[in-house]
Each structure stands twice: as C-alpha cells, then as structure tokens.
Amino acid sequence: MAVVVLAGTRKGLFVLRGEEDRHAWEVDGPLLSGWEVYHAVLDPRDSTLYAATQSYAYGATVHRSGDLGKTWDRAEEIGLPEESGLKLERTWHVEPGTEDEPDRLWLGGAPGVLLRSDDRGASWDVVRGVLEHPTREQWQPGAGGMCCHSIQIDPSDRSRMYIGISAAGVFRSEDGGESWAPANRGTAADFLPDQYPEVGQCVHKVLLHPQKPERLWQQNHFGTYRSDDRGDSWERLDGNGLPSGFGFPIALHPREPDTAFVVPEESDENRVTANGRLGVYRTRDGGRSWEETSRGLPDQAWIAVLREGMASDRLDPLGIYVGTQSGSIFVSPNEGDDWVEAASQLPPVLSVEVGEWR
C-alpha cells in the first residue's frame, strides 16, 4: 500500500507517494498544468481522483481521473441558475458522498454555494436551500471571497450534514441538504456590531469527528472552537497554550476524539505563522490545553498555511500533513512528535489531502 498526498497549488496538482513509514517521498507533477487546484481528494469508495479547479480561460470546474492523474475528464456547463444573478466564481472543496451513495459528490464554491452531483462529477446541480437561504443578504465575503469550503456528512446519519461559509458561518441540514439552519451559537464575530449574531461569522474550517459525530471542531477568524451537541453551541478553546486564536486549518485524529491539530497565525492583520516559526499545536484533551509539536520544522519561518493546507491519515501511528504558501509539504509520521520535509519549492500550496492507493 502506498500513501498518496495530493497537493493542490496555484500551478497544478502535485502527487507525493510514500510507504507506510512516511519518511521518503517521490513527487510527481505538475498535473493539470495551467489550472489552479483549490482542493483535490482521492475518493475512498473507488479511488477516483477529483479536483476543484480554476482557469482564467475556462473558469471554475471539477476535474476527474480514474488513473491517479494520467488522464482527466472535466465537468462541462457547471454554473449557477441565470435567474439567481450570481456567477460561479470559484470551486473550493469536493466531498465524496457516503458508501451507500456511490455516485454522489458535493461541491462547495463561491459565492457561498453548494452543488451536488449524482453521476460521479459529470454534471452538477445547485443546492437551492443554500443558494436561496433567507439569511443570504447578511453574508459577506471574507478575504478569500464568500466561499463554501467545509462540507461534512454525519457517518451515523447521512441526512445530517454541515457546511462552513466565509463569512456566513456554520449551517446544518437534517434532510440531506434540502434545508439548512444556522449553527453558530457561541461563535464570535468581533467585526460586527452584534458580536454573537445568528449568521455572519467568518468560519475558516469545520470538521466532524468520524467516531463521535456529535463533536465538531472549528477554526474561526476569532478563535478555535469545539461543539459537543452537533453545532447547537460552541466552546472557545484558545488562550490555553495557543499563541493566537487566529488561523485557518485544523486536522483531527480519526480514532481519538479529543486530539486535534492547528497552525496558529499572528492575526488577521498579519497572516503569518505565530512567533516567527512554523508551529503545529496539538491537544489531547479536547482543547483544554495545547502543546507545540514542531521538532524538525523550520526554527524561523514567516509563512502561511491556508484552510485546506493540513490533513491527517488513518494509519497507526497517525500521520499529519502540512502544506505552506512557500511551497513546502511537511509530514509527521508520528502524530506531530517529529517532522520531515517531503517536498519543497512547489508553487504556493492551496490544499493538502491524503489517501491510500492499492
């Protein structure tokens, strides 16, 4: 079995292959030359590779490959209804459906939209419950645009889903995506007059724990949060070992619900890693305390890691993967204790995902 890391960049997709010890890596690419790859994922259901891609010439779309990038098909005529008055600006995140829906995919995009495919990405339909949400007039674009970047499906009940939109907040569906309710109670939006509104929060990343699906983790513009009631309420977790509450990515341990990893940045005004170093911080107690786990990472680094720039695998010990805007991919094969640089001098890294190729 090979471990496969998908690094989406400003200049195409790079594929890193390593063995289970995750110390030595081969780098292939760029694939999809001429395309920005905001996110790529290896579908665990059938090993199909999907990429959310953009081109100044062809616009926003999704590419699909059944042979790990040797050949590609591109979705045609992907867009938004003309009557909406909106244009699909970017495709941000591709999320495979559940095992019992082998042809279904979900796609997040800008401006704050969710799309669904029931033919393995050949065609896409907009999800009206998000496009026509009654609070949409209160949503505002963040620095990266008004992007739907987080899509999570409850493994215990596929009708329950979550999305994260910047800057609108977290939304939950209980009916398979037909309707959506805000799930932001306790999440701050300090840039608004009402600092705890129903919607308007600038959520940077949302993840659901696969073995404890009532637990959600969130990295926000204003803090790191955890919910233990499916998003009904959120508890803020920074200020107890983290140098900053601001950051973009978050990664989870798939077998330990209390273990999570974040990469803090100095502030929204200075979006570089805190304290002039690339620091990955780990909690093993649900966010009550955090420790820096950076042995092997650069001692001095003023860099940025974007919201899709960190991932974890399913191996034992757990592997953690971080991609930087300065073009490096760092890998920890032992849950953050040690790090190796798997690739360097890549174009700016927009996303990192990991999968298994047999």
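As the structure is a prediction and not an experimental result, all values here were calculated from the model. Quick note: residue numbers are just sequence positions, from 1.
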Any side-chain heavy-atom pair of I320 and S312 under 4.5 Å: yes

Side-chain (Q201) to main-chain (I165) donor-acceptor, under 3.5 angstrom: no

Side chain proximity check, T259 to R284, heavy atoms < 4.5 angstrom: yes

Spacing of OG1 belonging to T98 relative to CG belonging to D157, to within rounding of 0.5 Å: 10.5 Å

Separation between OG of S179 and CZ of F171, rounded to the nearest 0.5 Å: 12.5 Å

Approximate separation, where rounding is to 0.5 Å, of R64 CZ and D43 CG: 11.0 Å

Straight-line distance of Y162 OH to I153 CD1, nearest 0.5 Å: 12.0 Å

Side chains of K205 and M310 in contact at under 4.5 Å (non-hydrogen atoms): no

R288: partners by salt bridge (Lys or Arg N to Asp or Glu O under 4.0 Å), with sequence neighbours left out: none

Test item: side-chain donor near acceptor, N275 and T273, under 3.5 Å: no

Check: E308/H93 side-chain N/O donor and acceptor closer than 3.5 Å: yes

Cation over ring face, R307 and W92, 6.0 Å, 45°: yes

Close side-chain approach of T9 and P30, heavy atoms under 4.5 Å: no

Any donor-acceptor pair under 3.5 Å from Y50 side chain to P96 backbone: no

Residues clustered with F222, ILVMFWY side-chain links under 4.5 angstrom: F191, L192

Sequence-distant partners of Q211, side-chain contact (heavy atoms from CB on, under 4.5 Å), two or more places apart: H209, R255

N/O donor-acceptor pair under 3.5 Å between R215 side chain and P257 backbone: yes

NZ/NE/NH1/NH2 to OD/OE distance under 4.0 Å, R128 and E178: no

W35 ring center within less than 6.0 Å of H63 ring center: yes

Enclosure of K87 NZ (heavy-atom neighbours >12, cutoff 6.0 Å): no

Joint hydrophobic cluster, M146 plus I163, side-chain heavy atoms closer than 4.5 Å: yes

Smallest separation among heavy atoms of R136 and V130, with atom names: NH2-O, 3.4 Å

Residues R295, D338: salt bridge by 4.0 Å N-O rule: yes

Pairwise side-chain contact, E89 with P111, heavy-atom cut-off 4.5 Å (strictly under): yes

Validation row: L278, V305 side chains within 4.5 angstrom (heavy atoms): yes

Side chain proximity check, L114 to W180, heavy atoms < 4.5 angstrom: yes

Spacing of CG belonging to L68 relative to CG belonging to L6, to within rounding of 0.5 Å: 7.0 Å

Distance-only donor-acceptor check, side chains Q54 and T91, under 3.5 Å: yes

Residue pair N184 / V170, side-chain heavy-atom distance below 4.5 Å: yes

Whether H221 side chain and A189 backbone form a donor-acceptor pair below 3.5 Å: no

Separation of T283 OG1 from E291 CD (nearest 0.5 Å): 8.5 Å

Exam field: side chain S166 to backbone V203, donor-acceptor pair closer than 3.5 Å: yes

Flag if over 12 foreign heavy atoms under 6.0 Å of CD, E101: yes

Donor-acceptor side-chain pairing of S328 and S326 below 3.5 angstrom: no

Under 3.5 Å: donor-acceptor pair, side chain of T53, backbone of V37: no

Set of residues satisfying side-chain contact (heavy atoms from CB on, under 4.5 Å) with respect to E265, sequence neighbours excluded: F246, F248, R271, A304

Pair R282 + E335, salt bridge at N-O below 4.0 Å: no

Salt bridge present between D313 and R22 (N-O < 4.0 angstrom): yes

Residue pairs, two or more places apart or on separate chains, that pass side chain to side chain donor-acceptor pair (under 3.5 Å) and touch residues 229-246: R172-D232, R226-E235, S227-D229, D229-S233, R236-D238, N240-W290

Side chain S150, main chain G164, donor-acceptor under 3.5 Å: no

Partner residues of L306 under the side-chain contact (heavy atoms from CB on, under 4.5 Å) criterion, sequence neighbours left out: Q325, L350

